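Below, chains carry the letters A, B, ... as their sequence lines are ordered, and counting in each starts from 1. This is a predicted model, so every value here is computed, not measured.
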Amino acid sequence: MTDGARNESGGLRRVRIDPVTRVEGHGRVTLLLDENNRVAQARLHIVEFRGFEKFIQGRPCEEVPILVQRLCGICPVSHLLAASKVLDQLAGVERLTPAAQKQRRLLHLGQVLQSHALHFFYLAAPDLLFGFDSEAQRRNIIGMLERNRDIALQGIRIRKYGQEVIRIICGKRIHGTGPLPGGMNKPLTGADRDHLLADIEQVVRWCQEGLALVRGIYLGNKEYQTRFAVFPSNFLSLVRPDGALELYDGRLRARDAEGQTVFDQVECRDYQRHLREEVRSWSYMKFPFLRALGSGNGWYRVGPLARINNCDSITTPLAEQARREFVQHGAGRPVHASLACHWARMIEALHCAEAIRELLDDPELLGRDLLVEGETSRREAVGVIEAPRGTLFHHYRIDGEGLVAKANLIVSTTSNNQAMNEAIRRVAAEYLDGRTLTEGLLNHIEVAIRAYDPCLSCATHALGRMPLRVELYDAGGELLNTLVKNGK
Amino acid sequence: MNGPTFTIDGRSVPFTEGQSIIQAAREAGIYIPHLCYHPEFRPHGSCRLCVVEAGGRSVPACSTPAVAGQQVRNRTERLDRMRRTLVELLFVEGNHFCPACPKSGNCKLQAVGYWLRMLDTPFPYLFPRRELDASHHDVLLDRDRCIFCELCVRASREVDRKNLFAIGGKGTRCRLLVNSPDGRLGSSGLSLGDRALQVCPTGALLPRKGAFHVPVGRRLYDGRSIAESDE
């Protein structure tokens, strides 16, 4: 460990964590300390520039869903489906056939299931099971396999199942094809369905066990969990017309920190009337906010915590029962604890498994009528979906030749940007004494970020092996000290 | 066997007088890689992928007549290495983004790259700026994907009788030109049934409707190499 040197010139002192490990992508954290060594500012910097919004300009719109799914290696299906919803509308198709609609829904459920399993069992569970300060070299899925083999294997198999759903529909586990403007490109067969049916009961049980595990961890140390990175915020998500949890379609609902409705049942195409984005010079991520509350107070959280807080019910029975327990814990108010994200995430994983089971029993899923021809094509449309990490917006405008003229994407991690910064600030304020950079502090900051499952570039998996570099700067930008921790 | 024969990699191959090495090889089920060659058209000899060793020389199999008794070598380490280099050069001199290309899985350039076990390239990408032409309602001309094989030029002239295409410019400024009043595809008279559109080995000329309609697993080169499915 290293002691942070005093800044002789006065002013703010800077602590940097680079890179943040066990998240998808590359980011770094800087903490600015004031003269009294209190945290004055916490920032999560997204240091990668992807530029998709720019470089898809001028490309034919029919290529866009396949192109933009390359944004991510974990949740490419979310981008594929959000963009495909836009393409449906551009082609003049407002409603898909039942078979196509159900295939897409199944695809999305498989996607959310595998992503949630990846995050909880591979990335987050090692922290929760071994402790935030445990040996970093073993705080990963490999350590899980050594010390909690059954749980680790359950996670791997749940993820494998979700990926299998994707493979059956898209031909590949990652970056396949399937959705077309107005439908899907191939029917599912009885053999496909039977293949997926064979394991679904087991997957539902594993999800129940995973949920019980995370709920037990959370409630087992309730006092700590409800103190760690807890802060009030607004929440945004899609819901069904009856207010139930909705992952694939639906309308927008925003609630404030007290659970009061800011807006509800907003059509996705009207998102710009209710949301705004702000650019800040120190990050490639934008900062969205609820327009009605302004940029200062309007920032919001998305993702599992937001969705479970926001919805009035869940359509599948086991997940609904779990949601009620979650709501009870909140005692009538939204749950604001960052670590409750994990609990909410596993409620959703269970919902996905149950909903997949329902869809596999639906004879319409195997329908062969998969494509609808549009009548009046459009030049501009919006597609919104609940990606594993939260509400995802794709908005495209095309020119007369069908080339993309303008694109706007608001990805889930962008919406959680302010929340992650807030979580870092809270944790640092509580655990940093201002003089000593301890590994424990850095771990706590990473745990807080990790709760939001940020997908920073989207396809990098560090498994705790990336080096963690901490640099201490004075207010003039001079490097005072460096600490490097190798994850090997 | 009554007619004349020659050998390819030691295997006896019959041929008829006037046949090229590649024509005889195809009839015998032997794959010699190629991109600018197409059995319907006169050989062009520009891609050089079909170069084989015959009579102590390296010759293009598409434009070299088969000779009785000749010993031809096709699959040698040296030839395949040279072919791989040629394909790498094609990839770096265009803008071939396979992941989002509707032709992926049906693309000869991609398939021959796989067949030659091309994994990467040591050459710097040139990233040429080439104009996309989306003026045609049914067909996209994406010059980024053009490899200047001139198959569309030949097909448009010899089969479609429209003479719509030509190659203009030199070096990195080489471009596929459209013979129309404004130089764009929309006013060219190209139609979906034109052979010029069908013979494009890459996604340079591509029908706009139908992108990604063939599912992964059922595309031309899914599960089989170009050597097994060569047309």
[X] side, atom [atom1]; [Y] side, atom [atom2] - distance, nearest 0.5 Å:
X: F97(B); Y: R70(A); atom1: CZ; atom2: CZ; value: 12.5 Å
X: F212(B); Y: S84(A); atom1: CZ; atom2: OG; value: 10.0 Å
X: L140(B); Y: L403(A); atom1: CG; atom2: CG; value: 7.5 Å

So which residues of residues 144-169 of chain B are in contact with chain A at a heavy-atom cut-off of under 4.5 Å?
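Answer by number: D144(B), R145(B).
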
With a 6.0 Å cut-off (strictly less than), is the heavy-atom count around [atom1] of [X], excluding the residue itself, greater than 12?
X: R378(A); atom1: CZ; result: yes
X: H137(B); atom1: NE2; result: no
X: R117(B); atom1: CZ; result: no
X: R175(B); atom1: CZ; result: yes
X: Y31(B); atom1: OH; result: yes

In terms of heavy-atom pairs under 4.5 Å with chain A, which of C101(B), A134(B), G186(B), S104(B) leads?
->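 Answer, by heavy-atom pair count under 4.5 Å with chain A: A134(B).
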
Q) Can you name the residues of residues 177-195 of chain A that have some heavy atom under 4.5 Å away from a heavy atom in chain B? A)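 The residues closer than 4.5 Å to chain B, in numerical order, are T177(A), L180(A), N185(A), K186(A).
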
Exercise. Which of residues 91-105 of chain A get closer than 4.5 angstrom to chain B, counting heavy atoms alone?
Worked result: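 If one takes a 4.5 Å heavy-atom cut-off, no residue of residues 91-105 of chain A lies near chain B.
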
Pair K172(A) + D222(B): basic N to acidic O under 4.0 Å: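 Result for this pair is no, no salt bridge flagged.
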
Which pair of non-hydrogen atoms, one from [X] and one from [Y], has the smallest distance, and what is that distance?
X: E63(A); Y: P102(B); value: OE2-CD, 3.7 Å
X: G171(A); Y: V216(B); value: O-CG1, 3.9 Å
X: L132(B); Y: G58(A); value: CD2-O, 3.2 Å

- Do the non-hydrogen side-chain atoms of E401(A) and S135(B) ever get within less than 4.5 Å of each other?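 Yes, side chains in contact.
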
Report task. Return the set of residues passing salt bridge (charged side-chain N to carboxylate O under 4.0 Å, His left out) with R208(B) (not counting sequence neighbours), or none when no residue passes. Result ->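 With neighbours one apart ignored, the set is E62(A).
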
